[in-house]
**Q** 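Quick one: the structure is below, and I'll ask about it shortly.
What you see below is based on every heavy atom in this structure, not just the backbone, and it leaves out hydrogens, waters and symmetry mates.
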Amino acid sequence: MPISEHPQLDRDGRLRHLLSIEGLPREVLVRILDAAEPFTDTGSPDSRKLPLLRGKSVFNLFFENSTRTRTTFEIAAKRLSADVINLNVAASSTNKGETLLDTVDNLCAMHADMLVVRHAASGAPHLIAQHLSATRRDQVHVINAGDGRHAHPTQGLLDLYTIRHYKRDLSRLCVAIVGDVLHSRVARSQIHALNILGVGELRVIAPKTLLPAEVERMGVRVFHDMRAGLAGVDVIMMLRLQNERMAGALLPSAQEYFKFFGLTQDKLELARPDAIVLHPGPMNRGVEIDSAVADGPHAVILPQVTFGIAVRMAVMSLLAAAGA
Amino acid sequence: MKIHISGGRVVDPASGLDEQCDLFIAAGRIAGLSTAPDGYVADRTIDARGRIVCPGLIDLSARLREPGYEYRATLESELAAAVAGGVTTLACPPDTDPPLDEPGLVEMLKYRARSLNFANVLPVGALTLGLAGARITEMGELSEAGCVAFGQGVVPVADTAVLLRAMEYAATFDYAVWLQPLEAFLVRGGVAHDGEVATRLGLAGIPTLAETLALDSLLSLARATGVRLHVCRVSSGAGLDRIEAARAAGVKVTCDVAVHHLMLSDENIAHFDPNCHLVPPLRSLADRDALRQGLADGRITALCSDHTPVDDDAKQLPFAEAEAGASALELLLPLALLWGAELGLSLCQTLARVSCDPGRVLGAGVGHLSVGAAADLCIFDPHESWLVCRDTLVSQGKNTPYLGQTLTGRVCHTLRAGQVVFERQDR
């Protein structure tokens, strides 16, 4: 079988779509992070509105409910002077039988320049990108805002940005990802991002029921005992636990989950004294994280949100610069 | 019609014959090999120099989509694809809509297939009513209507008591039971092999356990009931080991592998290629290699296409939402040749797995070229390369992972019961 062309980069190695962190060269990730730096400075009125996407239409195409991610994409696009259109497709045409690709064709006919896509099925943004390529509409860019369990690349990037902001030299860091890795697109993007940038050690901590098969082959060390896994770490990345995970046979109860895998003050003390705690939000206090930790001095959860806007601005401006 | 096939390299895996010789057909049968019968005057001569003349291929699983899924494919389109691929006999699984669970449906299917006069269609009847896994079908009536075996398509029977009764009943009349080893609860929701690739792509996994646990049950039940069991679409090395152990212990069991599982692994899913969404899922490279070896040494009895035409609308969806299956009737021969060449097998050994060996599973006395046998033949050019694309595929199903690739080995003529049912025009 032939190796299919890189779905995210154009012939000159520039970013054409952002579908997944996986497979992106280190330079591309660093370029995005560097490009985000100036966007974090929103102190002066001038820097609140930049003309980089003036005249461009950004469509937020969300097939799954989301408030935070959609809002931050919207803010990012607006700060770049783009026209932003929000489509809540969960309550729209697909319920009337329109297919995903029909929806995309329609938005292209409305002269969309960028599609920010969230979808419940892994690979949906890839499908859209392949469709655009097959129909020679390379001027339209796709940004994956979360697909199934597969990827949430801007989240992975903003987490990377946050860690770089607080810790600088990644090669010396020990990072632990804690929680429902099995269902988490965030975890997958974090794992790729951290490994591409060469983090010193990457751990995942979860019960066996919440780890996907052969996860260690993604370049992580697996721990089932949270106390052992947190020993000496510099960065703790908590994952959100969806309430519906209690319905099946994956976990007995939120209480028991919290007992073994919730981040509490005493478990946090096993990490390095200057450890930081990240969470992609929205948090379930008392399920995966204790309020004392979430609101404590180690948490960088709110800065993550702010950095998220800068990183999304960086991604959009790089895509716009790549052009057709 | 008397047809003289001259100058070809005749390969008959059943007898081990592999030499350049002429073949004489009369009254639908092979009337002579090398030497013509007395007074033979051919109505037509087919020049087969530089080509291989072999038994028509026998495919143990090809979905024709009738009744119920005519928008995906029709008997006409798929039987034309079969003969274009050199297939003269095929078994079709019962997972149509409605399923093949009552004799009228089977008779209609047989009648329609006969009147089209392409490949010979042998329906596999439903083991349970509506494939629902609750009540057994009228196997006697279905058998009289033309069913060669009883199965469930890709729908597992979750209730072991039903499975036991169904096997006991089938064994009473020596009907063969063809089942795919799928553990009902472990396959639920899964779309890809539960390994590194599914983990990376965030696809819900189907563990190898789904196959081995199902096999443990099926093989124990087969041993207990004495039923003739054919395991369809083995997908893992561990599964194959289970089957081999049972056979060594005296269980009457045969098995087949689908051509995609012989050639591809989960890595071919690459960037979510929905044409690689199959049931069972494509498993690891190690599994694929075990299957390739198992087919070569005969632990796997037969190679089948598991042809499943799917319309574009049902495939142009995110991987998990896309309908499973791949179109393969026309790829069976070139891919079998590729496998044989890669393992250094003789043409006889390679072609056996798509002719006399599946013929033995069917017990229909098909798949060989001896004098007196039905003249079901495939004549192909082993060196001709062709591009797999929407235009070159006869099947209405264009859903194949091989789209855009060049394969070697192409059928020139297909004869069934002494009649030319396919002749390539674009030469």
**Q** With distance as the sole criterion, is a donor-acceptor pair present between the side chains of B:Asp312 and B:Gln316 under 3.5 Å?
**A** no
**Q** Using the rule given for side chain to side chain contact (heavy atoms under 4.5 Å, CB included), can you reason through A:Asp10 versus A:Asp138, listing the C-alpha separation, both sets of side-chain angles and the distance that settles it, and then say yes or no?
**A** CA-CA 9 Å; A:Asp10 65 15; A:Asp138 290 324; over 6 Å; no
**Q** Picking from B:Ala204, B:Pro207, B:Ala198, which has the most non-hydrogen pairs under 4.5 angstrom with chain A?
**A** B:Ala204
**Q** Roughly how far apart are B:Thr350 OG1 and B:Trp339 CH2, rounded to 0.5 Å?
**A** 5.5 Å
**Q** Would you please go through residues 204-213 of chain A and name the residues with a non-hydrogen atom below 4.5 Å from one of chain B, in numerical order?
**A** A:Pro212, A:Ala213
**Q** Please state whether the side chain, the backbone, both or neither of A:His183 comes within less than 4.5 Å of a heavy atom of chain B.
**A** neither
**Q** Do B:Arg288 and B:Ser265 meet the criterion of a side-chain donor-acceptor pair at a distance under 3.5 Å?
**A** no
**Q** Quick one: what part of A:Arg185 sits under 4.5 Å from any heavy atom of chain B, side chain, backbone, both or neither?
**A** neither
**Q** For the residue pair B:Asp289 / B:Gln293, report whether a side-chain donor-acceptor contact shorter than 3.5 Å exists.
**A** no
**Q** Side chains of B:Arg283 and B:Ser235: donor-acceptor distance under 3.5 Å anywhere?
**A** yes
**Q** Roughly how far, to the nearest 0.5 Å, is CG of B:Asp311 from NZ of B:Lys398?
**A** 13.0 Å
**Q** Can a side-chain donor-acceptor contact be found between B:Asp287 and B:His261 if the only test is distance below 3.5 angstrom?
**A** no
**Q** Using non-hydrogen atoms and a 4.5 Å limit, figure out which bit of A:Gln130 sits close to chain B: side chain, backbone, both or neither.
**A** side chain
**Q** Among A:Glu216, A:His192, A:Glu214, who wins on heavy-atom pairs under 4.5 Å with chain B?
**A** A:Glu214
**Q** Name the region of B:Glu196, side chain, backbone, both or neither, that has any atom closer than 4.5 Å to a heavy atom of chain A.
**A** both
**Q** Less than 3.5 Å apart, any donor N or O on the side chain of A:Asn106 or A:Thr103 sitting next to an acceptor on the other?
**A** no
